[in-house]
Amino acid sequence: MRKPFVAGNWKMNTDSYTSVELAERIASGAMEAAASGSVTVVVCPPFVYLQSVTKALSASSIGVGAQDVYYEPKGAFTGEISPSMLKDIGCTYCLCGHSERRHVIGETDELINKKVTASIVGGLLPILCVGELLSEREASQTNVVVTRHLKNGLAGLSAEKVSAVTIAYEPVWAIGTGLTATPQQAQEVHNFIRKLLGQMYNDQLAEEIRILYGGSAKPNNAAELMGQPDIDGLLVGGASLKADDFLAIIQTAM
Ligand code: PGA
């Protein structure tokens with residue numbers, strides 16, 4: 001049985017005060033979920049607020065993730081943050097290959113693969129994001145793109161290492177647009193991803209790995225999305241900035 005997983009990606013939002021306030025509201029509202037241990041809950045604040053948010057959540061079982069990471073352990077890499085630095089301040093997870101990093105910042109599959117690999121080696125749990133652009137969906141290229149993101153993103157990793165990874169399927173056209181993939185559209189791709197992971201590794205890994213959906217997930221569509229057999233949770237952007245909405249989504253995952 002895969003444990004449901006709800007992650008909030010705060011992107012470049014909040015400030016030193018509102019990040020801690022949001023974390024505290026989520027922690028107190030999610031007490032029941034945390035106590036029952038029935039849902040994995042993670043928030044991904046901006047780098048500069050990771051430490052204060054980690055502190056605010058220390059008494060809860062809510063995990064903290066970074067939105068990005070660099071692949072070198074240390075050295076002359078101005079502006080970058082290493083996996084060991086993230087571990088040092090209590091981070092457990094990190095997003096790798098989010099569509100905004102791919103399409104706004106210009107990250108390649110090769111760079112993302114290095115980040116996933118370095119995260120695992122450094123003891124973090126990466127959430128590898130994959131997903132197609134609208135033009136790619138319209139050209140019936142969804143499976144091709146997802147296959148490329150998965151195979152390149154996980155290149156060189158053994159099944160044992162990949163068991164540390166969570167996959168997030170995020171169709172780019174659904175991110176921040178209010179357009180959600182229908183539960184059927186999302187399920188189709190999730191099922192494709194699971195089968196592909198079975199071929200790339202083994203059936204047990206495919207059965208156990210968690211695959212999240214992301215893209216305009218909200219309290220009013222969360223239950224139907226998570227009700228699909230291959231959707232194990234949600235990676236939530238906009239709605240994770242409102243404590244009540246994020247808590248409502250966690251509630252549906254319980
Ligand atoms: P959204 O973002 O929920 O605001 O669409 C999801 C994401 O980018 O992870």
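Order of listing sets the numbers, starting from 1, for every ligand and every atom in it.
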List the atom pairs, with distances to 0.1 Å, where a side-chain N or O of residues 43-58 and a protein N or O form a donor-acceptor pair under 3.5 Å, not counting sequence neighbours.
unit_1	atom_1	unit_2	atom_2	d
S52	OG	Y49	O	3.3
T54	OG1	L50	O	2.6
S58	OG	K55	O	2.9

Between CD1 of I249 and CE of M254, what distance do you get to the nearest 0.5 Å?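 Reported value, rounded in 0.5 Å steps: 14.5 Å.
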
Pairs meeting criterion side-chain hydrogen bond (donor to acceptor under 3.5 Å, both in side chains) with involvement of residues 163-181, two or more places apart: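 Qualifying pairs: H98-E170, E132-Y169, E132-W173, R137-Y169, T180-N221.
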
Quick check on ligand 1: any N or O pairs to the protein under 3.5 Å? One line per pair.
unit_1	atom_1	unit_2	atom_2	d
ligand 1	2 (O)	K11	NZ	3.3
ligand 1	3 (O)	S216	N	3.4
ligand 1	3 (O)	G237	N	2.9
ligand 1	4 (O)	G238	N	2.8
ligand 1	5 (O)	G176	N	2.6
ligand 1	5 (O)	S216	N	2.7
ligand 1	8 (O)	K11	NZ	2.7
ligand 1	8 (O)	H98	NE2	2.6
ligand 1	9 (O)	H98	NE2	3.2
ligand 1	9 (O)	E170	OE1	3.3
ligand 1	9 (O)	E170	OE2	2.7

Checking side-chain polar atoms at under 3.5 Å, does D230 have a donor or acceptor matched by the opposite partner on N191?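 Present: a donor and an acceptor within the cut-off.
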
In terms of side-chain heavy atoms, does Q184 have a donor or acceptor partner in E188 at a distance below 3.5 Å?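 No - no donor-acceptor pair under 3.5 Å links their side chains.
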
Can you give the donor-acceptor pairs under 3.5 Å from side chains of residues 19-27 to other protein atoms, not counting sequence neighbours?
unit_1	atom_1	unit_2	atom_2	d
S19	OG	D15	O	2.7
S19	OG	S16	O	3.4
R25	NH2	D244	OD1	3.1

